[in-house]
Peer 1: 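My structure is below; once you've seen it, I'll send some questions.
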Amino acid sequence: MNFWTLLVPPVAGTVIGYFTNDIAINMLFRPYKPIYLGDRRLPFTPGLIPRNQDRLARNISRIIMGSLLTPDELQKLAKKLLQTERIDSAIRWLLKLAFEQIQGEQEQKTANILADILHDLFSESLPRLIKIWAREEDFLEDQAYQLFDQVILDFQLSETQSRQFTDWILRVILTPDNIRQALIDFLTDKNIEIIDAGFREKSSGTYWVVANIFGLKSSLTRLRAFCLEEREIANARLQELLLSLKVRKKLRRWLQSLSLQNLPVATVRQLRKTFHQTIRSYLQDKGSDLIKYVGDSVDWKNIALIILRRLQSSRVVNQSLGAVSQELALVLERYLEKDLEKLIAQVIPILAIDQVIIDRINATSPRELERAIQGIVKNELQAIVNLGGILGFFVGIVQSVILLVN
């Protein structure tokens, strides 16, 4: 028996074992598509995995959902993801993003929406609410009393205001011509008779002698005639009388000292109550029309833009984002702590993770699936090929030994 007879079995066993395993592994994936000879499909085409890709996808999905993505595991994962710090950061990011979105091109759209809301509030909603609220007896009672106590009760004309008011009164109301005309209107025959009779009855002493001998009737009649016939002279005399009596100075001092605090307490309380009732009655009768008029006449778009720009640059708003996000995160945490298990049970069917896995595997081409599996177990598959070669070599050695013995 020569050397080559003993060498061939180990070499042949190594080659057969190596390449047989390599072909078997490749047949798991290839060919990617079935091969037909006429109308008949050749056996082992396509490869094992492409031919059973749907069943493979369902088995993988069942394994993952049965052992990896169980409700308990998903609940643990959700608790890790939904920690208060992470929720707080996410909400704060969303709030900042919302404020950034209302800038630039979105600013005008946001302003239009806000303008429509404000217009509806002042033109429709608020007038109806004011009309309903004004029916209550205590509507704006505290506010009206506070306004009365802090503004109206303490109101007092300054020196400049009293001077201007005095000048207006003397220029418009207490003019000599108005006073003369008032005297003419007052000194009617009937009023002169009443004044003369009263003076005669109620006077005493020296005044009684004057009243009953001379009387006031003739004097008052002549005064009326003088005012009627001597208009210019009467006005001049009245002007001199106003100056001599220092009416301007006295009127200015009186106006400057005028204050509700000088009135009796009972009178002030009644005025206070009347002030509130007047406001309530006005709002009940005409307040809705007033607010509606304001709502229709105001440029809400411009106001909305001002509000938005103010919010964007407001230090208080920026500082409050942290507090708002923390409060929302705590509320969400309390809710999730209570209902997370129920929520996960409802979310799993909605997400249909198992079907997503199946669809994703089925949508993967056999070539990509081979690359993915090869990338995961490449070393292990190569070890199987090498093992086949090693086993073939030892089988060949055994066969050579048997030949040598025989």
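Below, each value reflects all heavy atoms present in this structure, side chains not excepted, and no hydrogens, waters or symmetry copies.
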Peer 1: Please name the pair of heavy atoms, one in C227 and one in L183, separated by the smallest distance, quoted to 0.1 Å.
Peer 2: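 Heavy atoms only, the tightest pair is SG-CD1, 4.4 Å.
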Peer 1: With a 4.5 Å heavy-atom cut-off, do W168 and I173 have their side chains touching?
Peer 2: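 Yes, their side chains come closer than 4.5 Å.
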Peer 1: Could you go step by step and tell me if D167 and R252 meet the salt bridge (Lys or Arg N to Asp or Glu O under 4.0 Å) rule?
Peer 2: CA-CA 9 Å; D167 293 340; R252 184 172 65 249; over 6 Å; no
Peer 1: Which distance, rounded to the nearest 0.5 Å, do you find between the CZ of F275 and the CD1 of I152?
Peer 2: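 Between atom CZ of F275 and atom CD1 of I152 there are 3.5 Å.
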Peer 1: With a cut-off of 6.0 Å (strictly less than), are more than 12 heavy atoms of other residues, nucleotides or ligands near CZ of R360?
Peer 2: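 Atom CZ in R360 is not packed in, count stays at 12 or less.
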Peer 1: Go through it in stages, so that I can follow the logic: the residues are R58 and D54, the test is salt bridge (Lys or Arg N to Asp or Glu O under 4.0 Å), and I'd like the CA-CA distance, side-chain angles, deciding distance and then a yes or no.
Peer 2: CA-CA 6 Å; R58 294 183 181 277; D54 182 67; 3.2 Å; yes
Peer 1: Taking atom CG of L37 as the centre, does the number of heavy atoms from other residues, nucleotides or ligands within less than 6.0 Å exceed 12?
Peer 2: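 At most 12 heavy atoms, drawn from other residues, nucleotides or ligands, come within 6.0 Å of this atom.
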Peer 1: Short question: side chain of S281, backbone of T278 - any donor-acceptor pair under 3.5 Å?
Peer 2: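 The answer is no, because no donor-acceptor pair under 3.5 Å joins these two groups.
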Peer 1: Begin from the C-alpha positions of V247 and L241 and carry the test side-chain contact (heavy atoms from CB on, under 4.5 Å) through to its verdict.
Peer 2: CA-CA 9 Å; V247 173; L241 183 63; over 6 Å; no
Peer 1: Grab the two heavy atoms, one from S257 and one from Q156, that are nearest each other, plus how far apart they are.
Peer 2: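 Closest approach of S257 to Q156: CA-NE2, 3.9 Å.
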Peer 1: Passes side-chain contact (heavy atoms from CB on, under 4.5 Å), Y145 versus E141? Steps please.
Peer 2: CA-CA 6 Å; Y145 286 170; E141 184 177 40; 3.5 Å; yes
Peer 1: Of all the heavy-atom pairs spanning A57 and N362, show the shortest one and how long it is.
Peer 2: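 Minimum heavy-atom contact is CB-OD1, 3.8 Å.
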Peer 1: If you compare all heavy atoms of D138 against all heavy atoms of H276, which two are closest, and at what distance to 0.1 Å?
Peer 2: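 Scanning both residues, the minimum pair turns out to be C-NE2, 4.4 Å.
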Peer 1: Kindly say whether Q161 contributes a backbone atom to a donor-acceptor pair with the side chain of Q164 at under 3.5 angstrom?
Peer 2: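 Answer holds: no.
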Peer 1: Report the C-alpha separation of L271 and F148 in whole Å, then their side-chain angles, then the decisive distance to 0.1 Å, and conclude whether the side-chain contact (heavy atoms from CB on, under 4.5 Å) test is met.
Peer 2: CA-CA 9 Å; L271 288 174; F148 183 88; 4.0 Å; yes
Peer 1: Distance from L174 atom CG to L238 atom CG, nearest 0.5 Å?
Peer 2: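 Answer rounded to 0.5 Å: 11.0 Å.
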Peer 1: Between L223 and L187, what is the shortest heavy-atom contact and its length?
Peer 2: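 Scanning both residues completely, I find the closest heavy atoms to be CD2-CD1, 3.9 Å.
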Peer 1: Would you say the side-chain atoms of T175 pair up with the backbone N or O of R171, donor to acceptor, closer than 3.5 Å?
Peer 2: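 Judged by distance alone, no pair lies under 3.5 Å.
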Peer 1: For the pair R237 and E240, find out whether any cationic side-chain nitrogen is under 4.0 Å from an anionic carboxylate oxygen.
Peer 2: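 Yes, R237 and E240 are salt-bridged.
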Peer 1: Within a strict 4.5 Å, meaning less than it, do heavy atoms of the L147 and Q143 side chains meet?
Peer 2: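 Heavy-atom side-chain distance check fails, nothing below 4.5 Å.
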Peer 1: Apply side-chain contact (heavy atoms from CB on, under 4.5 Å) to residues I169 and L255 and explain how you reach the verdict.
Peer 2: CA-CA 11 Å; I169 292 175; L255 289 174; 4.1 Å; yes
Peer 1: Show your working on salt bridge (Lys or Arg N to Asp or Glu O under 4.0 Å) between E137 and R280 and close with a plain yes or no.
Peer 2: CA-CA 8 Å; E137 290 291 336; R280 191 174 70 85; 3.5 Å; yes
Peer 1: I'd like to know if the side chain of Q355 pairs up with that of D359 as donor and acceptor (distance under 3.5 Å, no hydrogens or angles considered).
Peer 2: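 Distance-only check passes for Q355 and D359.
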Peer 1: Are R248 and L243 close enough that some pair of their side-chain heavy atoms sits under 4.5 Å apart?
Peer 2: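 A side-chain contact is absent here, since even the closest heavy-atom pair is not under 4.5 Å.
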Peer 1: How long is the straight-line distance from CG of L140 back to CD1 of I279, given to the nearest 0.5 Å?
Peer 2: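 With rounding to 0.5 Å, CD1 (I279) is 7.5 Å from CG (L140).
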Peer 1: What distance do L220 atom CG and I192 atom CD1 have between them, rounded to the nearest 0.5 Å?
Peer 2: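 Result: 5.5 Å between the selected atoms.
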Peer 1: Please report the interatomic distance CZ(F226) to OG1(T221), rounded to the nearest 0.5 Å.
Peer 2: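 Reported to 0.5 Å precision, the distance equals 15.0 Å.
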Peer 1: What distance separates D177 CG from N235 CG, expressed to the nearest 0.5 Å?
Peer 2: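 Output value for this atom pair is 4.5 Å.
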Peer 1: Please check if any side-chain donor atom of Q256 sits under 3.5 Å from a side-chain acceptor atom of R253, or the reverse.
Peer 2: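 No, no side-chain donor-acceptor pair sits under 3.5 Å.
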Peer 1: Would you please say whether a donor-acceptor pair under 3.5 Å links the side chains of D142 and Q146?
Peer 2: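 The answer is no; no qualifying pair exists.
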Peer 1: Which pair of non-hydrogen atoms, one from V172 and one from N178, has the smallest distance, and what is that distance?
Peer 2: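 Of all heavy-atom pairs spanning V172 and N178, the closest is O-ND2, 3.0 Å.
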Peer 1: Would you please test R224 and D185 for salt bridge (Lys or Arg N to Asp or Glu O under 4.0 Å) and show each step?
Peer 2: CA-CA 9 Å; R224 184 181 63 184; D185 296 337; over 6 Å; no
